[in-house]
Every structure is written in structure tokens, then in C-alpha cells.
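First comes the structure, then the notes that go with it.
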There are 2 protein chains.
Amino acid sequence: MGVESQFLAEYDPTAYPSVAVTVDVVVLTIRDGALSVLLVERAEHPYQGRLALPGGFVRDETLDEAARRELAEETGLRPGEDALARVHLEQLRSYGDPGRDPRMRVISVAYLGFAPSLPDPQAGGDAAKAAWFPVETVRDLAFDHGLVLADGLERARAKLEYSPLATAFLGPEFTIAELRAVYAAVWGEQLHAGNFHRKVLSVPGFVESTGETTTRGGERGGPRARLYRTGDAVLLHPALLRPTREEQVR
Amino acid sequence: MGVESQFLAEYDPTAYPSVAVTVDVVVLTIRDGALSVLLVERAEHPYQGRLALPGGFVRDETLDEAARRELAEETGLRPGEDALARVHLEQLRSYGDPGRDPRMRVISVAYLGFAPSLPDPQAGGDAAKAAWFPVETVRDLAFDHGLVLADGLERARAKLEYSPLATAFLGPEFTIAELRAVYAAVWGEQLHAGNFHRKVLSVPGFVESTGETTTRGGERGGPRARLYRTGDAVLLHPALLRPTREEQVR
DNA sequence: ATAATAGTGTCTTTTAGACAATATGCG
DNA sequence: CGCATATTGTCTAAAAGACACTATTAT
């Protein structure tokens, strides 16, 4: 018995109806100080006209490649472009409840992305209207994308605690104040400037100095700030914990 | 244009060849003090005779249900059984590289389980030989299951730090020493008894006293230990961090 | 000049971890 | 009895967090 026919014998199409696999991407960025997510307006049924996460079917490629391809298509960035390469992408989790898509059984592998400031999306080719939306204003997404977004936000908030990925929201050089603004936007909390500053510099490998400073002070005054780039740490130790949330413990 | 036909128009079978979706389960338990994983011997090609994670095709059910069903089938536990209900199961991540299964494109949604001591698996019905193996002895798994297992172990180790899930490896009542043995087995490190004891009791909601003690002391002497059950915390705060691994930070 | 901000200093509280001490109960 | 173990005590170091202070620069 050949491998193929044997497999098909095990694979009873009645018991296992055909399944589609898609990737959906939660790409986050900071725009005007607000944590924002890339959404597209659906052109077709179901959920026509509703906002949804960018995504599409997986082709003959890895899941990671599918996620990056979808991201490129929806942002209108060229695959080789530097800005695209600087987006951090990681798998979030998969969603496969029967009925989550009314058309057929669809398993969606969701990805989470952290992007530096990007140009406004160009509705490149077949892509529907895409735009950045502050996450606080988002509601009534298509499919179960509201749940996916919520899971992505929680992952992002947790990730900033123990990984240096906050720097993925910034350019190659940044000030401690800019880094603090990322944490404030993602966590939705103000952070104490002095303590944050000392803490960041005390974590080995989080950031390294460039030796340079900004060419001018802040908008409303203040000294020039030193510039840093991302260090070589992959884990923050000790971690930068969110302000105590005793309430959320139980 | 109907919803179905419209979908099919978008879904070009050339560009998107048919895909199978499976669940694979990394179930961990503590046996004789060693962290162990449930594996099955493959009866069929490919990888005939090799050990693999238990798993199978997703039917008309949620992914979570599929994982619990596969777990029940491979352990021989009845679906309604109490022991099965006490197994903690959570989604790990998905694996979908083209070529990871030589027969066709297979996307596998992996689950991670924490089980209390279970009876030896009964090769229930069509299930292949299943048994528990100490994770340290495992090698050469079928497919990419070695990678899946490694990811599951890392998740389990991290999870013990900030969640009370270590108690899922134990019965409903346990001593602090038993809990410490779980941490030692999963992390592969000895922990200081005195400091561990005080730390566990200091974390709000981690464990609560039953007021009872064991009926006799340890095998080789010592006083009777107090018994505890799992508390109502879902997050440990402050967390129980692994002994410093400065080395692994970069 | 005024106000805002970068960066540093100081102090208190919490937590981690090393180590010791005491009491209990098995063989 | 002798030893292993449960539990508690003590002390030190690391880290978190509150708050104050100085220097710098935009307006």
C-alpha cells in the first residue's frame, strides 16, 4: 500500500471535512502616542464593510512567510524594503472554532507584529482599504478578530515586561524618553521618568549608548537627550514589571 | 453571487493546495521524580516504529476539544473521567512548514498539558502503544515533534514561574515538599527547602491550608507535613523565578 | 524669565537568597 | 539513637518605588 493511498484511507472525508488555513496579523505601532493596529475594511461578504485584521490564505510557504507576505501586501511595503524587515513578527496563537467563519471551516494562525512608524498604508493592488486605528477606539471587528486583537494586546503588554521588544516600535536610535513613551502607550499607564530611566540603564544589554545626543531639546524645553540603540539582550533580567495589578491576580 | 461560490472563486486550488489540520499534544507528568511525556509508537509510515506525540485530525469540534479527545484516546481514560478533567490543557503553538509531513501539507496545532499521576496508558482500541518517557531520555521523535516537545518544555518551565499550574501535576491535596519536587523536576534544579517553603506561602492565593497534615512523616523520617490545596490565584505575584540564568540572557 | 525635561541622588520597602536553628518522627 | 525532614528565624544583598534635586534648553 503506497503512502498516499494509505493516508487517504485513514483520511475519511466525511469525518474530516475540508479545512482552510489562513494567517491573520495583529500589527501594532505607536502613532501620535497611541497604540494603534492595522485594520482593513472588508470588501466582500461576510462582514462586508466591517473592519478586520489583515490576513489571507496560506500558500506553499511557511506560516511565518505567509504572515510577512500578508503584512507586506496590506501595508503596500515592498518585500525587500527596510521598513518591513524591521517589523518584529511572532506567532500569537491559532483560532479554529467551527462556525467562526460562516463559509467553511477555517483555522487561522494569528501573528503579532511590532512595527516602527510606517507610512500610511497604500491600498496596494487588490488590498482593501487599510489604515491604522488607535486600539482604544476599535470595536465590532469581523469574525472573532476582536478576540484575536485582545489576545495580541495582552501578549504585547506581557512581552514588554521581559523582552527588549519595545525598541521594535522605534527607529534604530532613540532616547530613553521615547522608549518610556512606548511603554506608556502599550501599558496605558504613565511611568515615573526618573525611575524608568535608571531601571532601563541598569538592565544588562537592554540598550547601549551611541555616544550621541539629539540635536535639540524637547518641544517644550529641556536638555538634549542621549541616544541609544538596542542592545544584545534577548531577555530583560531583572524584568520591567507593570505597575502592580494586585487586583488582576485572581 | 452566492457566498459559497464567491468563496470558491477566491480560493484557487492551484495556489492553495488542500491542507490537513491536526492537533498534537505534549502532556507532561511527574513519574518517579522525573518530568515525563506521553509518547506513542507509530504503527504506520512515515516514521513507522518511531516515537511521536499523540495527535490526530481535527473533526467537527473546537481545537481544545480535539486536543482533549486525543488525550483521552491515547491515555485510555474515559471522556467523563475525573483524572482526565484534572489535566490542564492549553494551546502551545502551531507548526506548518511545508514538508514537515511528507504526505501532504499538514498544519499541526500543538497543545501543552500538565497531568497529575495517571495510570499507565491502555492501548485503547485503535491507539498505538503509548507510554510515559522521562523527557531527558527522549530523542529522534517523528516529524518535527522534537521541536514541538522542546517548545512545550520551555513553555512549561516559564509557566511555573508566574502561574500556579505546578499544582496541576499533583493531587487535590499536597505538601509544600511535593510542590517543591514538581518545580525541581520541571526546572531540573534543586531548590532550597526553607526559602521555597516561605516563598510559596508568601504568594497570595497560591496555596491554601486544609488544616490537615499527612498521617505519617517522610520515608526516612521527619515531622508530618501540612497539607494544602490550590488557591484562587491565577497569577503568582511576586513570581517564583528560576535560579538566575544570566548566561541565557543574550 | 519661566517652564519643561534629562538625568542623578537618596531613602524606604519589598523580595531573594544564604544560612542557621528547632522540632518531629522514621528506621 | 541517629538522621532526614518540616518549618521558622535571622541576616544580607538586590531590586522597586517614592521623592527630591540639578542642569539644560525651548519659548
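Residue numbers start from 1 in every chain, and the chains themselves are labelled A, B, ... in the order their sequence lines are given, proteins ahead of strands. All values below were derived from every heavy atom in this structure, side-chain atoms included, with hydrogens, water molecules and symmetry-related copies excluded.
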**Prompt:** So which one's nearest nucleotide on DNA chain C is more toward 5', A:I176 or B:T215?
**Reply:** A:I176
**Request:** State whether the number of non-hydrogen atoms from other residues, nucleotides or ligands found under 6.0 Å of A:R220 atom CZ is greater than 12.
**Result:** no
**Asked** Expressed in angstrom and rounded to an integer, what is the separation of A:F174 atom CZ from C:dA6 atom C1'?
**Response** 16 Å
**Request:** Measure from NE2 on B:H237 to P on D:dA16 and round the result to the nearest Å.
**Result:** 11 Å
**Request:** Between B:T175 and A:L241, name the one whose nearest nucleotide on DNA chain D is closer to the 5' end.
**Result:** B:T175
**Request:** Could you point out which residue of B:K199, B:H197, B:R198 forms a side-chain hydrogen bond (donor to acceptor under 3.5 Å, both in side chains) with B:N195?
**Result:** B:R198
**Prompt:** Could you give the CG-to-C1' distance, from B:L179 to D:dA6, as a whole number of Å?
**Reply:** 14 Å
**Prompt:** How is B:A177 classified with respect to the nucleic acid when contacts are heavy atoms under 4.0 Å: base, sugar-phosphate, or nothing?
**Reply:** sugar-phosphate
**Request:** Report, as yes or no, whether the 6.0 Å neighbourhood of atom CD on B:E208 holds more than 12 heavy atoms from other residues, nucleotides or ligands.
**Result:** yes
**5'-most by nearest nucleotide on DNA chain C - A:P223 or B:K199** = A:P223
**Complete:** To the nearest angstrom, the CG-P distance between B:L191 and C:dA18 comes to 11 Å
**Asked** Between B:R180 and D:dA6, does any side-chain N or O lie under 4.0 Å from OP1 or OP2?
**Response** yes
**Request:** Could you tell me the separation between the CZ atom of B:F196 and the C1' atom of C:dA18, rounded to a whole number of Å?
**Result:** 17 Å
**Fill in**
Comparing nearest nucleotides in DNA chain D, the 5'-proximal residue of the pair B:L227, B:G222 is B:G222
**Request:** Using a 4.0 Å heavy-atom cut-off across all strands, classify A:G217 as base, sugar-phosphate, or nothing.
**Result:** sugar-phosphate
**Prompt:** Quick one: is C:dG25 close enough that its OP1 or OP2 comes under 4.0 Å of any side-chain N or O from B:R220?
**Reply:** no
Please write out the pairs of protein N or O atoms and N or O atoms of nucleotides 9-13 of chain D separated by less than 3.5 Å, giving the distance to one decimal.
residue, atom, partner, partner atom, Å
D:dG9, O6, B:R198, NH2, 2.9
D:dT10, O4, B:R198, NH2, 3.4

**Message:** Go through it in stages, so that I can follow the logic: the residues are A:E73 and A:E70, the test is side chain to side chain contact (heavy atoms under 4.5 Å, CB included), and I'd like the CA-CA distance, side-chain angles, deciding distance and then a yes or no.
**Reply:** CA-CA 5 Å; A:E73 290 177 4; A:E70 289 294 341; 3.7 Å; yes
**Exam field: side chain B:R86 to backbone B:A168, donor-acceptor pair closer than 3.5 Å** = no
**Message:** If you apply the rule side chain to side chain contact (heavy atoms under 4.5 Å, CB included), what do you find for B:T167 with B:Y228, and how did you get there?
**Reply:** CA-CA 10 Å; B:T167 63; B:Y228 297 84; over 6 Å; no
**Asked** Atom CG of B:L201 to atom C1' of D:dT7: distance rounded to whole Å?
**Response** 9 Å
**Message:** From CZ of B:R242 over to P of C:dA16, roughly how many Å is that when rounded to an integer?
**Reply:** 15 Å
**Asked** Atom CD of B:E219 and atom P of C:dG27: how far apart are they, to the nearest Å?
**Response** 8 Å
**Message:** D:dT7, OP1 or OP2 - any side-chain N/O from B:H197 closer than 4.0 Å?
**Reply:** yes
**Item:** Below 4.0 Å: OP1/OP2 of C:dT8 and any side-chain N or O of A:R226
**Value:** yes
**Prompt:** Taking the six-membered ring of B:Y95, is the NZ or CZ of B:R93 close enough (under 6.0 Å from the centre) and on axis enough (within 45°)?
**Reply:** yes
**Request:** Look at the side-chain N and O atoms of B:R224 and state whether any lies under 4.0 Å from the OP1 or OP2 oxygen of C:dT24.
**Result:** no
**Request:** Quick one: sort the A:Y183 and A:W187 rings into parallel, tilted or perpendicular, breaks at 30° and 60°.
**Result:** perpendicular
